[in-house]
> 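Shown below is the structure under consideration.
In what follows, residues are counted from 1 in the order of the sequence shown. As the structure is a computational prediction, the values presented were derived from the model and not from experiment.
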Amino acid sequence: MKIYQNILENILEKMPVVPPEKGGIIGGKNGVVTVWEYDEGYAGSGCVYYPNVEHLNEVIASWIENGLDFMGIYHVHFGNARTLSKGDISYIERILSTMPDTVTQLSFPIIVQPDKEMVSYVAQIDFRGEVLIKKEEIEIYKEKII
């Protein structure tokens with residue numbers, strides 16, 4: 001995943017350091033994250049993020065109208081957890097199965113707290129229609145490249 005440094009810093013600063021989990025969406029152009037939307041979501045147990053899907057879909061529609069791509073969903077993990085949970089994996093599979101055919105991959109960054117670090121996973125649909133998830137490198141750009 002490619003991301004501008006200021007976007008990464010803003011996301012890391014916004015995310016809570018104590019439960020409940022929060023999250024949001026990322027978008028951009030030419031494969032680089034240039035925009036993000038924070039989402040308070042809905043109250044639930046401390047270690048589950050329940051996104052406000054209606055609001056986030058409105059933001060995605062606005063991005064598309066402005067020539068930007070929806071690139072993925074991020075959320076916080078507490079206790080320095082750096083891996084996807086079974087619930088995360090199930091959610092990622094459901095999201096990719098509802099995407100238009102033009103969307104074949106999305107990023108799913110985790111904001112690791114309290115370390116304020118981002119770890120990202122990319123999910124892709126393979127030729128059999130199955131979802132493959134793997135950890136991805138994060139490239140940080142200090143200046144605009146687009």
> Determine, using the 4.5 Å side-chain heavy-atom cutoff (strictly less than), whether Val103 and Val59 are members of one ILVMFWY cluster.
yes
> Can you check whether Ser90 reaches Lys86 side chain to side chain, under 4.5 Å on heavy atoms?
no
> Strictly by modelled atom types, are Gln124 and Thr104 linked by a side-chain donor-acceptor pair under 3.5 Å?
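There is no such pair (donor and acceptor under 3.5 Å, judged by atom type) between the side chains of Gln124 and Thr104.
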> Taking ILVMFWY side chains as joined if any heavy atoms are under 4.5 angstrom apart, and letting links pass through other members, which residues group with Val17?
Val18
> According to a 4.5 Å side-chain heavy-atom criterion applied to Ile, Leu, Val, Met, Phe, Trp and Tyr, with indirect links allowed, do Tyr38 and Met71 form part of one hydrophobic cluster?
yes
> Which value, rounded to the nearest 0.5 Å, describes the distance between Lys116 atom NZ and Glu13 atom CD?
4.0 Å
> Please evaluate residues Tyr121 and Ile92 with respect to the criterion side-chain contact (heavy atoms from CB on, under 4.5 Å), reporting the C-alpha separation (whole Å), side-chain torsions for both, the decisive distance (0.1 Å), and the verdict.
CA-CA 10 Å; Tyr121 293 84; Ile92 289 168; 5.7 Å; no
> Can you see which heavy atom on Leu106 is nearest to which on Gly72, and at what distance?
CD2-N, 4.0 Å
> Any heavy-atom pair between the side chains of Glu139 and Ile3 that's under 4.5 Å?
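The answer is no; the side chains never approach within 4.5 Å.
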> Compare all side-chain heavy atoms of Lys29 with those of Leu68 and state whether any distance is below 4.5 angstrom.
yes
> Should we count CD of Glu130 as having more than 12 external heavy atoms under 6.0 Å?
yes
> Checking side-chain contact (heavy atoms from CB on, under 4.5 Å) against Ile25, which of Val35, Leu56, Asn57 comes through?
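The residue from Val35, Leu56, Asn57 that satisfies side-chain contact (heavy atoms from CB on, under 4.5 Å) with Ile25 turns out to be Leu56.
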> Do Ile7 and Thr34 touch side chain to side chain, with heavy atoms closer than 4.5 Å?
no
> Begin with the C-alpha distance, continue with both residues' side-chain angles, and end with the deciding distance and a verdict on side-chain contact (heavy atoms from CB on, under 4.5 Å) for Val33 and Lys2.
CA-CA 6 Å; Val33 177; Lys2 299 173 184 175; over 6 Å; no
> Quick check: do Tyr91 and Pro51 have side-chain heavy atoms less than 4.5 Å from each other?
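Heavy-atom side-chain distance check passes, below 4.5 Å.
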> Indicate the ring-plane relationship of Tyr141 and Tyr4, choosing parallel, tilted or perpendicular according to the 30° and 60° boundaries.
perpendicular
> Between CD1 of Ile95 and CZ of Phe108, what distance do you get to the nearest 0.5 Å?
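Here the interatomic distance stands at 4.5 Å.
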> How long is the span from the NE2 atom in His75 to the NE2 atom in His77, to the nearest 0.5 Å?
3.0 Å
> With a 4.5 Å limit on heavy-atom distance, are the side chains of Asn80 and Pro114 in contact?
yes
> After noting the C-alpha distance and the side-chain angles of Asp115 and Arg82, does the key distance pass the side-chain contact (heavy atoms from CB on, under 4.5 Å) rule?
CA-CA 10 Å; Asp115 284 356; Arg82 289 171 161 71; 3.0 Å; yes
> Is there a path of hydrophobic side-chain contacts, each under 4.5 Å between heavy atoms of I/L/V/M/F/W/Y residues, joining Leu132 to Ile125?
no
> For the CG atom of Leu12 and the CD atom of Glu117, what is their distance to the nearest 0.5 Å?
9.0 Å
> Does the pair Asn52 and Tyr42 meet the rule for a side-chain contact (heavy atoms from CB on, under 4.5 Å), with working shown?
CA-CA 7 Å; Asn52 181 339; Tyr42 297 106; 3.2 Å; yes
> Identify the two heavy atoms, one from Pro16 and one from Val76, that lie closest to each other, and give their separation to 0.1 Å.
O-CG2, 3.7 Å
> Kindly give the heavy-atom pair with the smallest separation between Ile110 and Ala81, and that separation in Å.
CG2-O, 3.9 Å
> Drop me the distance from Glu40's CD to Tyr49's OH, to the nearest 0.5 angstrom.
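Glu40 atom CD to Tyr49 atom OH measures 9.5 Å (nearest 0.5 Å).
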> Report the distance from atom CE of Met1 to atom OG of Ser120, rounding to the nearest 0.5 Å.
4.0 Å
> Identify the heavy atoms of Leu96 and Ala123 that sit nearest to each other, and give their distance.
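So the minimum-distance heavy-atom pair works out to CD1-CB, 3.4 Å.
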> Check whether any side-chain heavy atom of Ser107 sits under 4.5 Å from a side-chain heavy atom of Ile26, and report yes or no.
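They are in side-chain contact.
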> By the rule that ILVMFWY residues connect when side-chain heavy atoms come within less than 4.5 angstrom, directly or transitively, which residues belong alongside Val122?
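Grouped by the 4.5 Å side-chain rule, Val122 forms a cluster of one, so the answer is none.
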> Is the shortest heavy-atom distance from the side chain of Met15 to the side chain of Tyr74 under 4.5 Å?
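Yes, close enough: below the 4.5 Å cut-off.
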